Amino acid sequence: IRRQANKLSKAMFSNVHTSFTQGRGVGSLTTLVSMLGGSPLSADGSNYLVSKEILDMIFDNQNAVSDMIEIFGELHLLVSQDFARYDVTLGEFHKIIQDIIYELKPFSALRGHQLLLNELPAAFSGVRLKLNWEFMRKAIRELLLNAMKFSPENSTVTVLVEHLHARALITVLNRPIHLGTDEITGIPEEYRKIIFEPFFRITRVVHEQYRTLEYGLGLTYVDKVVQMHKGNIFCTSVQDYSADSGIVEDLVAFEIELPT
């Protein structure tokens with residue numbers, strides 16, 4: 001079943017990647033014509049006088065399309081190439097996540113978030129697993145940015161690295177935010193599987209400041225990376241009893257299971 005799913009994924013991402021790449025010129029030309037067509041002419045009528053604002057909009061649009069094409073390319077590469085995995089220890093993986101958290105400081109500062117990583121017990125640091133560093137690093141980064149996007153200002157995003165029953169567990173926890181006009185808080189149970197499907201988005205809210213995949217592809221990428229590691233990812237809700245006020249809060253949890 002997994003082999004057949006990978007074949008379908010390969011075909012889908014290949015077709016979508018080709019369509020977007022080939023259609024990019026048409027989309028850009030249409031945008032340029034519609035925006036530049038209304039620009040004033042120079043005194044002699046030989047040149048258009050284009051405002052900086054219009055050019056900035058064109059550049060931003062071009063960057064967004066480039067990002068989309070890049071992620072399609074990565075998804076296609078992920079499901080079509082030989083996927084190399086290397087021996088690492090859980091302690092080394094914990095250090096990778098620590099480095100990612102440090103790299104994300106400029107983004108956590110945007111809305112006052114704090115990223116916390118648990119201490120890994122010494123007994124687990126030598127546990128061995130197989131990882132593709134490059135792809136898994138990007139997947140963890142995407143999960144952390146996603147957690148910050150959909151949690152309240154000045155709240156905490158927690159990462160837990162554990163080992164249980166021959167599985168490495170990486171859990172990202174965040175307090176959910178109410179999504180305004182969409183009248184949704186967190187991830188409803190009926191969406192907790194479909195959120196990993198390409199282009200599915202619960203909310204129309206866009207968070208450009210985080211420079212993430214705002215096309216309903218971020219969790220799809222994470223899911224594919226985990227699958228290629230022969231692991232699983234789940235979205236759940238857990239209860240947090242740690243508040244001094246005694247109030248029990250529901251947290252959104254993304255849990256990755258990897259074989260060791």
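Everything quoted here is computed from the prediction, not taken from an experiment.
- Linking Ile, Leu, Val, Met, Phe, Trp and Tyr residues whenever their side-chain heavy atoms come within less than 4.5 Å places Ile194 and Tyr221 in a single cluster.
- Not counting sequence neighbours, Glu92 has no partner by the salt bridge (Lys or Arg N to Asp or Glu O under 4.0 Å) test.
- Note: Phe196 and Phe254 have perpendicular aromatic rings, judged against thresholds of 30 and 60 degrees for the angle between ring planes.
- Distance CG/Leu115 to OG1/Thr158: 9.0 Å, rounded to 0.5 Å.
- No continuous path of hydrophobic side-chain contacts links Ile100 to Leu169 [ILVMFWY only; heavy atoms under 4.5 Å].
- Between Lys224 atom NZ and His229 atom NE2 the span is 14.5 Å, to the nearest 0.5 Å.
- No continuous path of ILVMFWY side-chain contacts below 4.5 Å connects Tyr102 to Ile96, so the two sit in separate hydrophobic clusters.
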>> Working note: Ser237 + Leu251, criterion side chain to side chain contact (heavy atoms under 4.5 Å, CB included); need CA distance, chi angles, decisive distance, verdict.
In response: CA-CA 6 Å; Ser237 177; Leu251 302 179; over 6 Å; no
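- Phe107 is not listed as a side-chain neighbour of Leu144, based on a closest heavy-atom distance of 4.5 Å or more.
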>> Using side chain to side chain contact (heavy atoms under 4.5 Å, CB included), reason through Leu104 and Arg141 one step at a time and then give a plain yes or no.
In response: CA-CA 8 Å; Leu104 291 179; Arg141 187 179 191 276; 3.8 Å; yes
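- Of the N and O atoms on the side chains of His113 and Thr156, not one donor lies less than 3.5 Å from an acceptor on the other residue.
- Across every non-hydrogen atom of Val252 and Cys235, the tightest pair is CG1-SG, 4.5 Å.
- Minimum heavy-atom separation, Gly231 to Leu258: CA-CD2, 4.3 Å.
- Distance CD/Gln98 to CD1/Ile101: 7.5 Å, rounded to 0.5 Å.
- Scanning all heavy atoms of the two residues, the minimum distance from Ile233 to Val226 falls at N-CG1, 4.0 Å.
- Each of Lys130, His165, Arg128, His163 was scored for a side-chain hydrogen bond (donor to acceptor under 3.5 Å, both in side chains) with Thr260, with one residue passing: His163.
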>> Set out, in order, the CA-CA distance, both residues' side-chain angles and the distance that settles side chain to side chain contact (heavy atoms under 4.5 Å, CB included) for Leu116 and Gln114, then state yes or no.
In response: CA-CA 6 Å; Leu116 295 181; Gln114 184 177 17; 3.5 Å; yes
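- Leu173 is not connected to Val222 by any chain of hydrophobic side-chain contacts under 4.5 Å among Ile, Leu, Val, Met, Phe, Trp and Tyr, and they are in different clusters.
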>> Please determine whether salt bridge (Lys or Arg N to Asp or Glu O under 4.0 Å) holds for the pair Arg137 and Glu103, giving the CA-CA distance in whole Å, both sets of side-chain angles, and the decisive distance to 0.1 Å.
In response: CA-CA 12 Å; Arg137 170 183 275 273; Glu103 293 168 6; 3.1 Å; yes
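- The two residues Ala253 and Val238 make their nearest non-hydrogen contact at CB-CG1, 4.2 Å.
- Considering CZ of Phe150 and CZ of Arg175, their distance stands at 16.0 Å, rounded to 0.5 Å.
- Taking CE from Met148 and CG from Asn174, the interatomic distance works out to 10.0 Å, rounded to the nearest 0.5 Å.
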>> Between Thr89 and Val127, is the side chain to side chain contact (heavy atoms under 4.5 Å, CB included) condition met? List the steps.
In response: CA-CA 5 Å; Thr89 65; Val127 171; over 6 Å; no
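- A continuous path of hydrophobic side-chain contacts links Val225 to Trp133 [ILVMFWY only; heavy atoms under 4.5 Å].
- Nearest heavy atoms, Glu162 versus Thr171: OE1-OG1, 4.4 Å.
- With respect to Ile170, the side-chain contact (heavy atoms from CB on, under 4.5 Å) criterion is satisfied by exactly one of Leu160, Leu90, Leu143, Ile97: Ile97.
- From Leu145, atom CG reaches atom CD1 of Ile140 across 11.5 Å, with rounding to the nearest 0.5 Å.
- Judged by distance alone, the side chains of Asn146 and Glu142 never bring a donor and an acceptor atom under 3.5 Å apart.
- Within the 3.5 Å criterion, the main-chain N or O of Ala147 finds a donor-acceptor partner in the side chain of Ser151.
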Show the atom names and distances, to 0.1 Å, of all donor-acceptor pairs under 3.5 Å that link a side chain in residues 117-126 to residues at least two apart or in another chain.
residue, atom, partner, partner atom, Å
Asn118, OD1, Val161, N, 2.9
Asn118, ND2, Val161, O, 3.1
Ser125, OG, Ala122, O, 2.9

